Amino acid sequence: MRALRSTPLRLAVALIAVFAVFLAAGLGTAYVLMHRTLSAEIDGRALQVVAELRAIGRPEERLERVQEIAATSRPDTLLIRLETGGDSIGNLPESLDAASLRDGGLLSGHALPLAHPADSYRILLATLPEGRVAVLVGRRALSELNEIFLAILGFSFLPALAITSGLAIVVVRRTGRRVEAIRGTLQALSAGRLTARVGGTPPDTDLGDIARDLDRMASAQEAATEALRQIGSDIAHDLKTPIQRVAVHLERVGAEALPVPARTSLDAAQAETAGIIGTFQSLLQIAQLEGGQGRHGFAPVDLGALVRDMAEIYAPAVEEAGARLDCSVTAPRPVAGDRHLLARLIANLVENALRHAPGTPIRLALEGRVLSVSDGGPGIPEARREDVLRRLVRLEASRSTPGSGLGLALVKAIADQHGAALGLEDAEGGGLRVRLVFPAGGEQPEV
Amino acid sequence: MHILVIEDDVTTGDYVAGGLRAEGHVVDLFDDGRAGLVQAMSGEYDVMVLDRMVPNVDGMSILRTLRASKNPVPVLLLTSLDGIEDRIAGLNAGADDYLVKPFAFGELSARLNALARRPPPSDEPTVLRARDLEMNLLSRRVTRAGQEIDLQPREFALLEHLLRRKGRVQTRTMLLESVWDIHFDPQTNVVESHMSRLRGKVDKPFDTHLIETVRGSGYRICA
């Protein structure tokens, strides 16, 4: 049904419809006017004959004139009959019953025993001193008019409509392809394939301009992203090396014999360094995911097995923290993705629950392609749910707990990359449930 | 071991070289890619530490040149980049292991030992031993001092990993990578928790402890 939504197609159909209606209206008006004129002429001819006969003074001459008219008129043009007492003269066949003639009416030519009658005749009945006269004027001119208009319709109007429609189809196809190319490029760009272009030599039209502008915008976007990536890797190099040095110095200090307060400070400093590194790596990774990196490595992932593995890895640590980790997998379906990133996603969700809902049972569940992690903590107010998915946003209530504020942002970036819908909702009995719905398509490797 | 280190940052280079020498290795340190590549092509090394970004010839090019000339020296790639595709690119170029900066010396040392001393694939043992502990890989039974120890599949895998690398330190990240196939650093002490469960079964009921914690590095089973 997408064809019906195509703007060029709709415009073409509308234009053809308008064209057809106007042409039909013009032809129709011409036909009606000509038909009226011809009808009046035919009626006038009958009246003219009667008036001529009336004008003749002597009865013999009148009879002669009737016979003359009957003899000289073609039967498809004029038929006449004069009834005088029991006798009748004229070229109107005798067999025709006088009762079927009605003044001002029409008579079909097929009712007459003639070789070449007109299609129909106009009837005029009048009374002359000798008796009743019937004049039938053939309406051949009207038949010819119909034929002419049918010819116009058949040889001009319909072919014109067909040619216009054909041209419209060509134009619609061509612009449709161009619109499709622009649309495909836009979709590819928003999916993160920044190398996508409409390409070709766009024609000098408005659509061509749009294609050119889109390509120009995509090139700028690609250059900006590349610059950002370069800055990212420069920062990574320029900052990580000094952090490495700090770590080296701290480790050297740690090798010395230290009094207890110094050892405590050193441990704290090393923990902070580890925190800086963690935040740093998460930020870089989110930036890379948002830049569309990593999709090339997608393969079918057995999400059920991965969920069980992650539950197995985390169960002892969760129990040591005084909580419980439940895992349920029902009818698991494979998804297309990156196993390491999906493992990271599940780990972040479990760690998030462990951090913000300590001591409450954590539930890790997979049903088909729907993955959910719920806890029994305070949950997140509905108004703030959008916020927590952004980078470095932490709710006031959780300021005192450790964590970089990047956990859920990274989850969101990984979910987006996998085309999974991420939702935050209330778990049964309070607490937060993070729900991920993965798209179908893990059965076959992506082409 | 004879170790080649190519690293342009002086602090990191001295730290790595100094630490490795202190462990008794012979270390050649280069801060330039071209000189390092020449040395790598000519010398006979047991293992090589290569920074991904060194001047003149970058680490990836050095790696590709080495592999193109069929040089099999095990290479540990050091990098500041921790992208999803960076890691794959590094391993595809022929690196044997990949370590992201900043790292602890213990991690580097443990990984170098693992790289240089890969056990030969032949004469695969069916029974692994450490003192009075015995692990039968065929029947999957574990006994200590004649007493049977009941292990979960993953605990068995963890113990097997340590026993196969007896005497060598295994770091948390190395264990995560080889036992669980996890390639990121969890913020939770998952390895410690698993290790504590394993110790509860293997060490706690007995007088001597087999699994040793190496401070700042990881774990090992005493030889």
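Just so it is clear, the structure is predicted and the values come from calculations on it, not from any experiment. Chain letters run A, B, ... following the sequence lines, proteins first and then strands; every chain starts at 1.
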Novice: How many angstroms lie between atom CG of Leu66(B) and atom CG of Leu37(B), to the nearest 0.5 angstrom?
Specialist: 6.0 Å
Novice: Given a strict heavy-atom distance threshold of 4.5 Å, which part of Asn189(B) is in contact with chain A: side chain, backbone, both, or neither?
Specialist: both
Novice: At a heavy-atom distance under 4.5 Å, which candidate from Ala347(A), Ala343(A), Ala247(A), Gly254(A) has the highest pair count against chain B?
Specialist: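 Sorted descending by pairs with chain B, the first entry is Ala343(A).
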Novice: Please determine, among Ala274(A), Ala317(A), Pro316(A), the option with the most heavy-atom pairs under 4.5 Å with chain B.
Specialist: Pro316(A)
Novice: Quick one: are Asp31(B) and Val10(B) in side-chain contact, heavy atoms under 4.5 Å?
Specialist: no
Novice: Knowing that exactly one of Leu128(B), Thr143(B), Leu159(B) qualifies, which makes a side chain to side chain contact (heavy atoms under 4.5 Å, CB included) with Leu133(B)?
Specialist: Leu159(B)
Novice: So what's closer than 4.5 Å to chain B heavy atoms on Asn352(A): side chain, backbone, both or neither?
Specialist: neither
Novice: Could you tell me which portion of Glu312(A) (side chain, backbone, both or neither) has an atom closer than 4.5 angstrom to a non-hydrogen atom of chain B?
Specialist: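 Answer is both: backbone and side chain atoms of Glu312(A) are under 4.5 Å from chain B.
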Novice: Describe, in one word, how the ring planes of His183(B) and His340(A) are oriented to each other, choosing from parallel (under 30°), tilted (30 to 60°) and perpendicular (over 60°).
Specialist: perpendicular
Novice: If you count heavy-atom pairs within less than 4.5 Å of chain A, which of Ala104(B), Gly106(B), Ser196(B) leads?
Specialist: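 Between Ala104(B), Gly106(B), Ser196(B), the count favours Ala104(B).
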Novice: Sort Phe184(B) into side chain, backbone, both or neither according to what part of it lies under 4.5 angstrom from a heavy atom of chain A.
Specialist: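 For Phe184(B), the contact with chain A is made by the side chain alone.
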Novice: Under a 3.5 Å cutoff, is there a donor and acceptor pairing between the side chains of Ser328(A) and Arg363(A)?
Specialist: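 Yes, side-chain donor-acceptor contact under 3.5 Å.
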Novice: Which atoms of Ile243(A) are under 4.5 Å from chain B, going by heavy atoms: the side chain, the backbone, both sets, or neither?
Specialist: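 Interface part for Ile243(A): both.
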Novice: Heavy-atom distances under 4.5 Å only: say whether Leu250(A) touches chain B with side chain, backbone, both or neither.
Specialist: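 Contact with chain B: none, neither part.
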Novice: Taking the side chain from His2(B) and the backbone from Val26(B), do they hold a donor-acceptor pair closer than 3.5 Å?
Specialist: no
Novice: Give me the ring orientation class for Phe438(A) and His418(A): parallel if the planes are under 30° apart, tilted from 30 to 60°, perpendicular past 60°.
Specialist: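 Perpendicular, since the angle between the ring planes exceeds 60°.
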